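For reference, the structure discussed in these notes is given below.
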Amino acid sequence: MPTICWFRRDLRLGDHPALLAAVAQARADDDEVVALYVVDPVLQHSAGAPRLAYLAASLRALDEATGGRLVVRHGRADHVVPEAAREVGATSVHVSAATEPYGRRRDDAVAAALAAGGAALVRTGSPYAVAPGRLRTGQDGPYQVFTPFRRAWLDHGWHAPAPRPGSVPWATLPSDGVPDAPPTDVRLPDAGEHAAHARWRAFLRDDLDGYDVDRDRPDLDVTSRMSVHLKHGEIHPRTMLADLAAAGTGATGRAAESVATYRSELAWREFHADVLWHSPDATRRSLRPAVPDDAWATGAGADDALTAWTEGRTGYPLVDAGMRQLRAEGWMHNRVRMVVASFLVKDLHIPWQRGADHFMAWLVDGDVPQNQLNWQWVAGTGRDAAPYFRIFNPVTQGRRFDPDGAYVRRWVPELRGVPGAAVHEPWRLPDGPPPGYPDPMVDHAHEREVALADHARRPT
DNA sequence: AGCCAGTTGGT
DNA sequence: CCAACTGGC
């Protein structure tokens, strides 16, 4: 009986053992495999043009990889998937397990519709090394704290990457075709599994050894930039973990530390997916309030402040550089994400959800579990979040992590004439900020005190 | 994965 | 004057 591989944004054929086993079974039975991708308009509501354009490019690459057999259908998954199954007489549909709440509800609806037609939905795993929800504490509860989670995650281990099939008997079905990429000025990274693996190998070769020391330096551009490929399922974290294990064998000192640090970053990704699996409403709701509700800025003043932040004209150079990099690349260095997020929540007193929405609209790697839970981490509202009083100072962060100011000058043209670290405090230049660059929109020292005072009267 | 004020022990 | 350290937010 034919099999359907229902591809999702977060999983391609890649190196997923269960999905590849289904393909192998189909080959052994002399059956065919349908490569199905469902474009559900409801699920695309938060994505802006950059990520939709990347998705289109990623699907074009997937279409090539399947010999032009990718079947794209528009509509609701609980209608489209059973219909495709009926067309080919498939008895099973394989799909990665969803971690987002709407994904789980959608899978249940699809499973029910398939069952009515005599087919089964097979959840074959997830785009994580260890499935979210799998790890439990000794009291059988979810992990509340990252460090014990990481220890359990390392102890648990994971499958080795599965060998890729030499060929797949892809079936032909009528397709609506890969969607057009919406127009965008964002310079997108290369898409597809081939590009993902090429980027990963380049990172392993050039920048892994220095990762532990250099990863916090936005001016150096030495991070792996794998988030976009992980988000779109173009590489599986198990492949990366296997390569890291190989790189760590015999490594000492800085190189060994770098392997451990990178693996820990992957553990954060899995921890956030696990938190969301247990608390689906964490996509919108603070897991624990950090300030009383009346502390948040509202009205036209808050709207104007949010707009200044999104457009990169707060008057704080590191914040503005990050927000402009986001608009130019659909990506921002992680250190700078923390700084701009802290500025929005603790200097502008705007709820983290509004910043998270802006990130989801612009990020090419925008991923619900990672985006929402990392915002909760910065806002101090997460399960194992930074304490609320940990407030980033955009000037000292700039001096420490962009010591020569090169990152700021790259993204803020008005400041290109300012040499060295002085670029982080343009209001202290003899003639004030250069033409076209604003004064700081708020006084950081003052807003920090306001945030701490708000935190002191948080609900218990 | 922080900041800041205050202190200490040195120049 | 400073670097290094500490406690509190």
Side-chain angles (χ1 to χ4, degrees), chain A residues 143-151 153 210-220 222-224 226-227 254 257-272 275 287-292 295 314 316-319 321-322 332-349 352 355-356 359 365 369-403 407 421 424-425 440 442-460:
Chain A
Y143 281 91
Q144 307 285 332
V145 180
F146 171 69
T147 302
F149 174 89
R150 179 179 59 193
R151 200 171 298 127
W153 178 79
Y211 183 77
D212 189 51
V213 180
D214 294 336
R215 70 200 164 95
D216 275 325
R217 292 282 301 275
D219 53 331
L220 300 180
V222 290
T223 59
S224 70
M226 290 302 291
S227 54
R254 184 178 165 183
E257 288 296 316
S258 291
V259 167
T261 300
Y262 197 98
R263 187 159 41 214
S264 182
E265 300 302 328
L266 289 176
W268 271 108
R269 179 174 179 271
E270 311 239 340
F271 178 64
H272 287 150
V275 170
L287 289 167
R288 57 170 187 204
V291 295
T314 68
Y316 284 96
L318 185 61
V319 174
M332 196 193 306
H333 187 281
N334 180 61
R335 165 63 50 178
V336 190
R337 292 190 199 198
M338 292 192 279
V339 173
V340 304
S342 177
F343 188 82
L344 185 78
V345 172
K346 297 175 186 182
D347 287 67
L348 301 182
H349 316 293
W352 63 263
F359 270 34
D365 62 28
Q370 304 310 313
N371 188 60
Q372 311 307 95
L373 272 297
N374 273 307
W375 270 94
Q376 293 225 35
W377 184 89
V378 174
T381 64
R383 279 265 187 283
D384 183 19
Y388 186 82
F389 51 74
R390 194 176 274 173
I391 296 170
F392 288 76
N393 180 323
V395 176
T396 53
Q397 288 283 311
R399 280 201 290 252
R400 190 183 307 169
F401 298 113
D402 182 27
Y407 175 78
H424 293 299
E425 295 173 281
V442 294
D443 176 54
H444 170 71
H446 176 253
E447 302 307 334
R448 175 176 177 272
E449 292 302 323
V450 171
L452 290 173
D454 288 341
H455 181 59
R457 56 188 188 86
R458 68 191 175 280
T460 51

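Remember, it's a predicted structure, so these values are computed and weren't measured experimentally. What's counted below: heavy atoms across the whole structure, side chains too, no hydrogens, waters or symmetry copies. So you know, we letter chains A, B, ... as the sequences are listed, proteins then strands, and number each from 1.
- With sequence neighbours excluded, the residues satisfying side chain to side chain contact (heavy atoms under 4.5 Å, CB included) with A/R400 are A/Q397.
- Residues meeting the side chain to side chain contact (heavy atoms under 4.5 Å, CB included) test with A/T261, sequence neighbours left out: A/Y211, A/D212, A/R215, A/E265.
- In this structure, the side chain to side chain contact (heavy atoms under 4.5 Å, CB included) partners of A/P289, at least two apart in sequence or on a different chain, are A/P459.
- Each salt bridge (charged side-chain N to carboxylate O under 4.0 Å, His left out) pair with one or both residues in residues 382-392 of chain A, not counting sequence neighbours, would appear here, but there are none.
- Scored by the side chain to side chain contact (heavy atoms under 4.5 Å, CB included) test, A/N374 finds A/H272, A/Q370 as partners (sequence neighbours excluded).
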Indicate for each nucleotide in nucleotides 1-6 of chain B, in 5' to 3' sequence, whether protein heavy atoms under 4.0 Å reach the base (B), only the sugar-phosphate (S), or nothing (-).
-> BBBS--

